[in-house]
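Computed from heavy atoms alone, side chains included, the values below leave out hydrogens, waters and symmetry copies. For clarity, every value in this text was computed on a predicted model and none was experimentally measured.
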Amino acid sequence: MAWMAWTWPTAIFFMVIASLLIIFTVLAIKFPETPRMGILRIETTRGDRLFITLLGSAFINIAWLGLVGTNQPYAMIVCLIYAAAVFRWV
């Protein structure tokens, strides 16, 4: 597998996403949720908001790389603020 750039940050990234999926599955089983209406005017559940957060965070990081450069820790702060906003208002 020499063609893949598996580094510790890459492994941690995928472990975090896998952990989030497991946690949200357990939450959905233990605490069923009814969809709620947010500012997008569509019904969303926790899983929907997680997906919107992950997708938006990917775009934030891509834009950050293109506009600012490789100083990604600040992009993570922006992503955390974005995630808080999505889970609060979407």
Co-members of Ile62 in a cluster of I, L, V, M, F, W and Y side chains, linked at under 4.5 Å: none
Set of residues satisfying ring-ring contact (aromatic ring centres under 6.0 Å, His included) with respect to Phe31, sequence neighbours excluded: none
Joint hydrophobic cluster, Val86 plus Ile81, side-chain heavy atoms closer than 4.5 Å: yes
Minimum heavy-atom distance Ala75-Asn61, with the two atoms named: CB-OD1, 3.6 Å
Heavy-atom donor-acceptor pair, Arg49 side chain to Thr44 backbone, under 3.5 Å: yes
Distance, nearest 0.5 Å, that separates OG1 of Thr45 from CG of Leu27: 11.5 Å
Same apolar cluster: Leu80 and Ile52, side chain cutoff 4.5 Å: no
Cluster overlap Phe24 with Val26, hydrophobic side-chain contacts below 4.5 Å: no
Within one Ile-Leu-Val-Met-Phe-Trp-Tyr cluster: Trp64 and Phe13, side-chain cutoff 4.5 Å: no
Qualifying salt bridge (charged side-chain N to carboxylate O under 4.0 Å, His left out) pairs with a residue from residues 7-16, counting only residues at least two apart or across chains: none
Ser19 side, atom OG; Ile12 side, atom CD1 - distance, nearest 0.5 Å: 11.0 Å
Spacing of OG1 belonging to Thr25 relative to NZ belonging to Lys30, to within rounding of 0.5 Å: 13.5 Å
Side-chain heavy-atom pair Phe87, Leu50 within 4.5 angstrom cut-off: yes
Atom pair CZ/CG of Arg46 and Leu20 - distance to nearest 0.5 Å: 13.0 Å
Verify same cluster id: Ile23, Ile29 (apolar side-chain graph, 4.5 Å): no
pair Tyr74-Ile77: side-chain heavy atoms closer than 4.5 Å: yes
Validation row: Leu65, Gln72 side chains within 4.5 angstrom (heavy atoms): yes
